[in-house]
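Position 1 is the first residue of the sequence; numbering continues from there. All values below come from the heavy atoms of this structure, side chains included, with hydrogens, waters and symmetry mates left out.
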Amino acid sequence: MAAKTEKKVAREGYLEENYHYFHLRDTAGAERDFHFHDFDKIVLLIAGRVDYAMESTVYTLRPWDILLVRRHTIHKALIDKSEPYERVILYLDRRFFDRLMPDAGLFDCFDRADETGRYLCTPDADQIAQLRALLSSLEENLHAGAFGAGAMCDAAIIQLLVLLGRLAVSGAVEGRHEGAHDEKIDAVLSYINENLAAPLDVDTLCQLVHISRYHFMRLFKAQTGSSVHAYVRSRRLMRAARLIREGMSAARAAEECGFADYSAFHRAFRAAFGVSPGKLKS
């Protein structure tokens, strides 16, 4: 269920409206590679099974869990396509809400999530009831032609942002990381994240935990859903993207993240995120 101007958000990384609301139900979902947006985004799972990779953490979502995706935060949905997948997605232009309520701090929860790496909100039963009422009001007014329908939508989203802010203050924003994990693979993942500039080939990594190459590759694929090469490449690109948006030059970020050839880094970055490293920084 999306607003009538859906075509305006077809181009990733841009939002030409003040906000855009989707309520999607399907059996597959549009699973995509790691990407980012040039606006803040809320993801609320209603039904289905999905993991979300957010920067360096993977979250297994439960119904009514909420992810706070700040602009330029790298993320990817990993969808179990065997079950119906229902979710609400909300794109937000914070400049609009800052103009409406400049001192309200409506987007502080996004900034805090980005600073702490804790993106997941877990509302309790009372808060879920509030969410249901807010979403019902929003959906009722999105397509209504009645007087004041737009203002009612604005008000519902402001109330939603207030609720999320209160969740953050109450400690209901957490870093839950679930799923079956092998301790040796966990150790390898930690090593990769701490040594992105070092050689990270399969032989080097499996020797760290003293298991055979075949067994290591099988365990790694089962836990991450990715080959070693693809995982290392994604982690390097994601770290480089974060360093660039924190102010580091693209060339230095490439070097810090293990890319010896800048032209190869530039091509890989564009392929992964759809923009050049310089565009991300701007």
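Under a 4.0 Å N-O distance rule, the pair Arg242/Asp114 qualifies as a salt bridge.
When each of Leu135, Leu160, Leu90 is paired with Leu44, the side-chain contact (heavy atoms from CB on, under 4.5 Å) condition holds for Leu135 and for no other.
For the pair Arg236 and Ala198, the tightest heavy-atom approach, listed with the atom from each and the gap, is NH2-O, 2.7 Å. Closest approach of Leu142 to Cys153, counting heavy atoms only: N-SG, 3.6 Å. For the pair Phe97 and Ile157, the tightest heavy-atom approach, listed with the atom from each and the gap, is CZ-CG2, 3.5 Å. Considering every non-hydrogen atom in both Ser137 and Ala156, the closest pair reads OG-CB, 4.5 Å. Of all heavy-atom pairs spanning Arg233 and Ala268, the tightest one is NH2-CB, 3.1 Å. Between Ala250 and Pro277, the shortest heavy-atom distance links the atoms CB-CB, 3.6 Å.
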**Message:** Between Asp26 and Arg87, does the salt bridge (charged side-chain N to carboxylate O under 4.0 Å, His left out) criterion hold? Intermediate values first, please.
**Reply:** CA-CA 9 Å; Asp26 51 50; Arg87 67 277 189 202; 3.0 Å; yes

Review point. Please walk me through it: do Arg112 and Arg118 pass side-chain contact (heavy atoms from CB on, under 4.5 Å)?
Key: CA-CA 8 Å; Arg112 187 180 295 109; Arg118 301 169 73 86; over 6 Å; no

Between Tyr52 and Val69, does a side-chain contact (heavy atoms from CB on, under 4.5 Å) hold up when you go through it step by step?
CA-CA 11 Å; Tyr52 252 88; Val69 187; 5.7 Å; no

Problem - Worked verdict on Arg94 versus Asp108 for salt bridge (charged side-chain N to carboxylate O under 4.0 Å, His left out) - result: CA-CA 10 Å; Arg94 68 167 63 194; Asp108 289 354; over 6 Å; no

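At least one side-chain heavy atom of Ile192 sits under 4.5 Å from a side-chain heavy atom of Val188. Residues Ile89 and Lys41 meet the side-chain proximity criterion, which asks for heavy atoms closer than 4.5 Å. Side chains of Ile42 and Leu164 form a contact here, defined as non-hydrogen atoms less than 4.5 Å apart. A heavy-atom distance below 4.5 Å is not found between the side chains of Val209 and Tyr191. Residues Leu131 and Ile66 have side chains in contact (heavy-atom distance under 4.5 Å, counting atoms from C-beta outward).
Under the 3.5 Å distance criterion, with hydrogens and angles disregarded, no donor-acceptor pair is assigned to the side chains of Glu17 and Tyr91. Looking only at atom types and distance, the side chain of Thr122 has no donor-acceptor partner in the side chain of Asp65 under 3.5 Å away. Donor-acceptor pairing under 3.5 Å is lacking for the side chains of Asp80 and Tyr85.
Relative ring orientation between Tyr21 and His23 is described as perpendicular, the plane-to-plane angle rising above 60° on a 0-90° scale split at 30° and 60°. Classification of the Phe220-Tyr231 ring pair by plane angle, with boundaries at 30° and 60°, yields perpendicular.
How far CG of Asp111 is from CZ of Arg71: 10.5 Å, rounded to the nearest 0.5 Å. Taking OG1 of Thr60 as the reference point, atom CG of Asp51 lies at 3.5 Å (rounded to 0.5 Å).
Annotation for Arg218: atom CZ counts as buried by contact number, over 12 foreign heavy atoms lying within 6.0 Å.
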